[in-house]
Amino acid sequence: MGNKSEEDKIFATMQAHCDAMEKGDLKAFLNLYSEDWQDYHGARKDSLKYLFEETKDKGNYKTSTKDLDIDISTALITLEGDKAIFTPVIHSSPGGSITYAYTLEKEADGVWRLMYTKGIDWESFPLDVKGRMDKAAIAQSALATRRFREQVLSDQHRPGYHIVSPEGYGAPFDPNGAIYWQGRYHLFYIFQDHRFGRKLDHWGHLSSTDLFHWRHHPTTLLVGMYSGNCFINKDGVPTLCYHQVDKGNAMAVALDDDLNEWQKLNAITPDTKEGDEHHDKYRSWDPYGWVDGDTYYAIFGGQNPGVAKSPMLEGDWQYTGDLFAHGVDGVSLEEDVSCADLFKLGNKDLLLCISHKIGCRYYIGEWRDEQFYPESHGQMSWVDNSYFAPESLVDDKGRRIMWAWLMDIAHWRKGWDRGWTGTMSLPRVLTLDDNDQLLIDVPEEIKALRYRPFRQENVEVSPIQDVTMADMVGNSFELAIVMDSVSASEFGVRVCVSPDGKEETVISYDAAEKVLKINGSTSGPEATPNNVEAGPFELLQGEQLKLRVFVDKSVIEVFANSRQGVMRMVYPSRDSVGVLLFSKGGSAKVHTFESWHISPSNPF
């Protein structure tokens, strides 16, 4: 009961404070303040009289008291002994608004007086009740955004120069719809959210002028958007060929040059019936569309991929038959063809795709007579299917550039704890050599992210003692190493090495097994893929090993002599930043060791 009585007195004081200000009663106003009063700017009681001086509106909240509207309707009292806080008190005027928190103290005469005034919010324009509610909602949204940004910025495993999901869940996080258009690289990606009351797949959208600094676009391709590509139609307009969940494979055309607005067209799945040659033979799944002369074509993915065609985007689509004219030794035709991407490379055609079982793979061959004639087959993932869902484009320099989703299934649950999941590979430039073998390189634009260069030459590496590269420590860097050995069975570099040597990720050329390897089995304290990724690779007689190693927090990508690329996702401890050269079974020589720290290019 006592507290209630005191609260009534405090409220009465603050009501009298409002009345005095609104009436311009300086004497009554000053009597409500303690002689020891001050505000958050250090002003004292003798400065209070300025509030009652006639002033002109200067575009801020300092106007004459007769212009004030004071709102204490939502104020609460926090009482602790002889002190109390009364807030919020909102002063509104034509020049703006300011919200105060007042501290009051019960003085020796038993009267509650204002002891301290603190401004806790303000605007340089007037706000009505709705405006204040809107501002509060915006402030809460902004605060949540800032908290999330701080969370991901402090995430020791969030890559800095690989494309990552900006927030939330990306599984799948397939790159889609890649196209170089009007001077910019555009890349779409699948993500999931519940904006319509249930989990649905949408396409996010990024663009860049340099392949590493990406800007997010508005999300306009919503609801049931699954794998697909982007091509230029007969009218010169960017066009998507994609899978629309619950409707089948479909097309959409761009309505603006920023590729923000799209018009979805009808499904293109051919209408067949019992007795037709192709009835129930092909799935409406993971399409790839393009135009050849006057004809539109689309691959219909799945276990038995087919091809359909039409003279018009919204024309009469008909199946032409199977995608493959024949098989390739060592590859079952039962392996599904999903995330298909068919393009000219050199004098050949290359079909890039996945099998859900083995991950990213490709066929080199020839597209003719409305079928693909494969001549060879290669993989980009071996021990598991974590290098997944490829997508490519050709740019203004004629480069064929691809990305893939790095499918880290083991850590999807961890994604919820850290607030995001979804990482793409580095862009890879694909070419063919004189023997029609695939070559892989990282675009030259990566050089713009380099800083703190280091170079050392002629380093002898003994099988007895690793060589510590003390001038290169970190978790975001590039290495360029040229080395060889005539006797070693395995040689390479250890990265993300802990001070005690218990954590490490081992990158090597295994001369006996003839593979390029990343061994991440002791890469960190948490659960980690307990396996060794190994892609087939053999040095020719007298050929030096030329490694390019990219470490980006939890992603490691390695390229050897432009002929092979392997990747792993690892989760080392924060202090696992060492780099060591090693050799087994014999000595090795490092002709050149170059390193650069790589600056993060993601905004967060």
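These values consider heavy atoms only, across backbone and side chains, with no hydrogens, waters or symmetry-generated copies. One is the number of the first residue; the rest follow in order along the sequence.
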Roughly how far, to the nearest 0.5 Å, is the [atom2] atom of [Y] from the [atom1] atom of [X]?
X: Phe491; Y: Lys589; atom1: CZ; atom2: NZ; value: 13.5 Å
X: Asp552; Y: Asn475; atom1: CG; atom2: CG; value: 8.0 Å
X: Met225; Y: Trp262; atom1: CE; atom2: CH2; value: 8.5 Å
X: Leu259; Y: Arg184; atom1: CG; atom2: CZ; value: 7.5 Å
X: Asp510; Y: Lys584; atom1: CG; atom2: NZ; value: 8.5 Å
X: Arg450; Y: Ile598; atom1: CZ; atom2: CD1; value: 6.5 Å

Does the distance from a Lys or Arg side-chain N to an Asp or Glu carboxylate O, for [X] and [Y], drop under 4.0 Å?
X: Lys397; Y: Glu444; answer: yes
X: Lys357; Y: Glu334; answer: no
X: Lys517; Y: Glu533; answer: no
X: Arg568; Y: Glu557; answer: no
X: Arg494; Y: Asp466; answer: yes
X: Glu457; Y: Arg455; answer: yes
X: Lys514; Y: Glu490; answer: no
X: Glu538; Y: Arg563; answer: no

Identify the two heavy atoms, one from [X] and one from [Y], that lie closest to each other, and give their separation to 0.1 Å.
X: Pro536; Y: Trp382; value: CD-NE1, 3.2 Å
X: Leu222; Y: His202; value: CA-ND1, 3.5 Å
X: Met569; Y: Thr423; value: CE-OG1, 4.1 Å
X: Asn176; Y: Ser227; value: OD1-CA, 3.3 Å
X: Tyr40; Y: Gly119; value: CE2-N, 3.0 Å
X: Val473; Y: Ala470; value: CG1-O, 4.2 Å

Students often mix this up, so state it plainly: with edges at 30° and 60°, are the rings of Tyr509 and Phe537 parallel, tilted or perpendicular? perpendicular
Any donor-acceptor N/O pair, [X] side chain to [Y] backbone, under 3.5 Å:
X: Glu543; Y: Leu540; answer: yes
X: Ser554; Y: His157; answer: yes
X: Ser576; Y: Pro572; answer: no
X: Gln379; Y: Ser381; answer: yes
X: Asn519; Y: Val506; answer: no
X: Ser485; Y: Ser587; answer: yes
X: Thr219; Y: Gly204; answer: no
X: Asn602; Y: His162; answer: yes
X: Asn435; Y: Gln437; answer: no
X: Asp349; Y: Trp367; answer: yes

With a 4.5 Å limit on heavy-atom distance, are the side chains of [X] and [Y] in contact?
X: Val532; Y: Ile518; result: no
X: Asp121; Y: Lys135; result: yes
X: Leu240; Y: Asn229; result: no
X: Trp203; Y: Asp201; result: no
X: Phe188; Y: Leu221; result: yes
X: Glu391; Y: Asp174; result: no
X: Leu430; Y: Leu438; result: yes
X: Phe372; Y: Val337; result: no

Do you see a donor-acceptor pair shorter than 3.5 Å between the side chains of [X] and [Y]?
X: Ser392; Y: Asp341; answer: yes
X: His217; Y: Asp258; answer: no
X: Ser573; Y: Asp575; answer: no
X: Asn385; Y: His356; answer: no
X: Ser498; Y: Glu503; answer: no

Test salt bridge (charged side-chain N to carboxylate O under 4.0 Å, His left out) on Arg149 and Glu167; report intermediate values, then the result. CA-CA 9 Å; Arg149 185 170 66 236; Glu167 69 283 308; over 6 Å; no
Is the Tyr288-Trp290 ring centre distance short of 6.0 angstrom? yes
Less than 6.0 Å separating the ring centroids of Phe324 and Tyr373? no
From the list Leu439, Leu345, Asn347, side chain to side chain contact (heavy atoms under 4.5 Å, CB included) with Leu432 holds only for Leu345
Pair His377, Tyr363 - check ring pair (Phe, Tyr, Trp, His ring centres under 6.0 Å), show working. CA-CA 4 Å; His377 176 268; Tyr363 294 89; 4.8 Å; yes
For Arg195, look at atom CZ and say whether over 12 heavy atoms of other residues, nucleotides or ligands are found less than 6.0 Å away. yes
May I have the step-by-step check of ring pair (Phe, Tyr, Trp, His ring centres under 6.0 Å) for His216 and His205, ending in yes or no? CA-CA 6 Å; His216 288 272; His205 178 195; 9.4 Å; no
Does [Y] have [X] sitting over its ring (NZ/CZ under 6.0 Å from centre, angle to axis within 45°)?
X: Arg548; Y: Phe559; value: no
X: Arg158; Y: Trp420; value: yes
X: Arg400; Y: Phe343; value: yes

Does the side-chain hydrogen bond (donor to acceptor under 3.5 Å, both in side chains) test come out yes or no for Asp441 and Ser562, once each step is laid out? CA-CA 6 Å; Asp441 280 301; Ser562 300; 2.8 Å; yes
So Lys348 and Glu366, salt bridge (charged side-chain N to carboxylate O under 4.0 Å, His left out) or not? Walk me through it. CA-CA 6 Å; Lys348 296 291 182 179; Glu366 183 180 4; over 6 Å; no
Can Tyr180 and His186 be said to form a ring pair (Phe, Tyr, Trp, His ring centres under 6.0 Å), step by step? CA-CA 6 Å; Tyr180 185 82; His186 290 265; 8.7 Å; no
